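Here is the structure we will look at, set down as structure tokens.
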Number of protein chains: 2
Amino acid sequence: MVADGSNSPRAPRRSKTDVVNAALALLDRVGLPDLSMRRLADELGVQPSALYWHVENKQELLAAVSARILAPVAAGGALGAALPLGEAARLLGERLHDRLLAHRDGAEVVSSSLALGLVPSPLHLVLAEGYPDAGHAPQVVADAVTHFVVGYTFHEQQRTAADAFGVAARTAALTPADVTRPSPDPFAAALALITAAADLPAASEPSARR
Amino acid sequence: MVADGSNSPRAPRRSKTDVVNAALALLDRVGLPDLSMRRLADELGVQPSALYWHVENKQELLAAVSARILAPVAAGGALGAALPLGEAARLLGERLHDRLLAHRDGAEVVSSSLALGLVPSPLHLVLAEGYPDAGHAPQVVADAVTHFVVGYTFHEQQRTAADAFGVAARTAALTPADVTRPSPDPFAAALALITAAADLPAASEPSARR
DNA sequence: ACCTGAACACCGTTCAAGT
DNA sequence: ACCTGAACACCGTTCAAGT
């Protein structure tokens, strides 16, 4: 009979963290197209409308999921040694790639959250802080690497999802013989290309032709 | 009374081209979130189910729209002079950027069609054909430029859409003072960075450390 | 503070049937 | 060949009301 009502097995109320956790787990299990507010509510044993007490709308929820996916990129020691900018960017690009691949449809979710500006870009944050005297170069490299990695991984995840189905035949028909050996590693090659120029002299200003 | 029934003012039947045209026009007018099959049917004076005679599903329709948006990139003279690979890629990247910006939500539409493999990548086609003896380099540069340009433009178009609304205040609060003068041109700078390394010696194989 | 119940205004897609 | 009518199985979101 106390005022705060802490003396009985109370109903299992949810926090926003619980909702985001459940959303990420559901994403991994069913994929983005089947991640609906209604299904998530079912998963939590709650009415759909209850979710809107924890979250303003679906986009905000997906932004929170994106933030969770991206967190390890900026964490994990923000580059121990004093690497050249391009090397640091390449390393962060690989880390981003890994994090996106770690969750079903991770790249697609993050892509739209980034585009909508609902989640900060980890590469921009880390590189701006790590190279404060490099002018615009850190932002330029972060732009180049982030958009490449997210776009490439999006493509990659759609392709493996299609392969899990029976769509492999159509793809095989379009590509003659070199799809079995496409290149050593197209992702690594493109990422290396992008970051290589960042460590050249006069890389900061594109007007220098010479 | 002829068999083909060509003797009366017949109902205005639609071709698939008409449907795609209407879809692109509607996209430009209302944007991707409001481009529904039902609204498109309304626009054509037809029942929603009628669209499924012309098109297998919405994704295929959007792929056709994407192909229409991308067509001018590969056309328009496939690079007159014998440019270095990186220069050609930069030029094509600018052209792609222009085409995506020419239609509302163009980058988002094209992004998903490319990811799903429902539309060919113009950069890959043009560069593979233009540089047949350059090994994997043309594909690598095409990957890097395509994903960067599409991702950057997606971000760009969402931002201008948000600015058209009243969301400008939140963005301004997050960025201290350098958003008025962010850089000469972030897009051009990143694109130049990406394509610069393609014209360096040993750019084709990333294993060459030297 | 956290959730229910019920509703509003939509979706994409299928399919028998019409002309 | 091209389209209608009607239905199926869903959506995201709002809002008064409950505890």
Side-chain angles (χ1 to χ4, degrees), chain A residues 1-23 26-27 30-66 105 108-109 112-113 116 118 165, chain B residues 1-23 26-27 29-65 105 108-109 112-113 116 118 165:
Chain A
M1 219 178 176
V2 284
D4 60 6
S6 61
N7 58 343
S8 62
R10 29 190 191 89
R13 296 175 112 97
R14 290 101 196 143
S15 67
K16 175 163 179 180
T17 307
D18 295 333
V19 173
V20 177
N21 283 344
L26 188 56
L27 175 70
V30 305
L32 186 58
D34 289 334
L35 174 50
S36 67
M37 297 299 270
R38 298 176 111 99
R39 181 143 186 194
L40 177 58
D42 260 17
E43 213 74 22
L44 288 163
V46 122
Q47 292 298 116
S49 49
L51 298 177
Y52 290 86
W53 192 91
H54 298 281
V55 120
E56 194 145 345
N57 50 44
K58 193 182 180 181
Q59 298 271 32
E60 193 213 299
L61 174 61
L62 291 180
V65 169
S66 297
D105 294 331
E108 187 172 3
V109 173
S112 83
S113 293
L116 293 167
L118 298 178
F165 243 69
Chain B
M1 221 181 174
V2 285
D4 60 6
S6 60
N7 58 344
S8 62
R10 29 191 189 89
R13 296 174 113 97
R14 290 99 197 144
S15 67
K16 175 162 180 181
T17 307
D18 294 334
V19 173
V20 177
N21 283 344
L26 188 56
L27 175 69
R29 208 162 75 252
V30 305
L32 187 58
D34 289 334
L35 175 50
S36 67
M37 296 300 270
R38 296 175 113 99
R39 182 141 185 196
L40 176 58
D42 260 15
E43 213 74 20
L44 288 161
V46 123
Q47 293 297 117
S49 50
L51 298 177
Y52 290 86
W53 193 91
H54 298 281
V55 120
E56 194 144 347
N57 49 45
K58 193 182 181 181
Q59 297 272 32
E60 193 213 299
L61 174 61
L62 291 180
V65 169
D105 293 333
E108 187 172 2
V109 173
S112 84
S113 293
L116 292 166
L118 298 177
F165 243 68

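Residue numbers begin at 1 in each chain, while the letters A, B, ... track the order of the sequences. Quick caveat: nothing in here was measured; it's all calculated off a predicted structure.
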Legend entry - Whole-Å distance separating the CD atom of Q59(B) from the P atom of dG12(C): 11 Å
Inset, instruction - Kindly indicate, with the supporting measurements, whether the criterion side chain to side chain contact (heavy atoms under 4.5 Å, CB included) is fulfilled by L40(B) and L61(B). - result: CA-CA 11 Å; L40(B) 176 58; L61(B) 174 61; 3.5 Å; yes
Legend entry - Rounded interatomic separation in angstrom, taking CG from D34(A) and P from dC11(C): 20 Å
Inset, instruction - Ignoring the backbone of K58(A), work out which of dG12(C), dT13(D), dG5(C) is nearest its side chain. - result: dT13(D)
Inset, instruction - Just call it for S36(A): base, sugar-phosphate, or nothing, with non-hydrogen atoms closer than 4.0 Å on any strand. - result: sugar-phosphate
Inset, instruction - Report the distance from atom CZ of R13(B) to atom P of dT19(C), rounded to the nearest whole Å. - result: 12 Å
Legend entry - Minimum-distance nucleotide (side-chain atoms of W53(B) versus dA6(C), dC2(D), dG12(D)): dC2(D)
Inset, instruction - State which of dA7(C), dG12(C), dG5(C) makes the closest approach to the side chain of S49(A). - result: dG5(C)
Inset, instruction - Please determine, for dT19(D), whether a Watson-Crick or G-U wobble partner exists with both distances under 3.5 Å, and give it or none. - result: dA1(C)
Inset, instruction - Grab the CG-C1' distance between N57(B) and dC11(C) for me, whole Å please. - result: 15 Å
Legend entry - For dT13(C), the Watson-Crick or wobble counterpart (both distances under 3.5 Å): dA7(D)
Legend entry - OP1 or OP2 of dA1(D) under 4.0 Å from side-chain N/O of H54(B): no
Legend entry - Among dG5(C), dC3(D), dG5(D), the nucleotide that comes nearest once only the side chain of V46(B) is considered: dC3(D)
Legend entry - Phosphate OP1/OP2 of dC3(C) contacted by R14(A) side-chain N/O (<4.0 Å): yes
Legend entry - Integer-rounded Å distance: dG12(D) P and E56(A) CD: 16 Å
Legend entry - Whole-Å C1' distance, dC10(C) and dA9(D): 14 Å
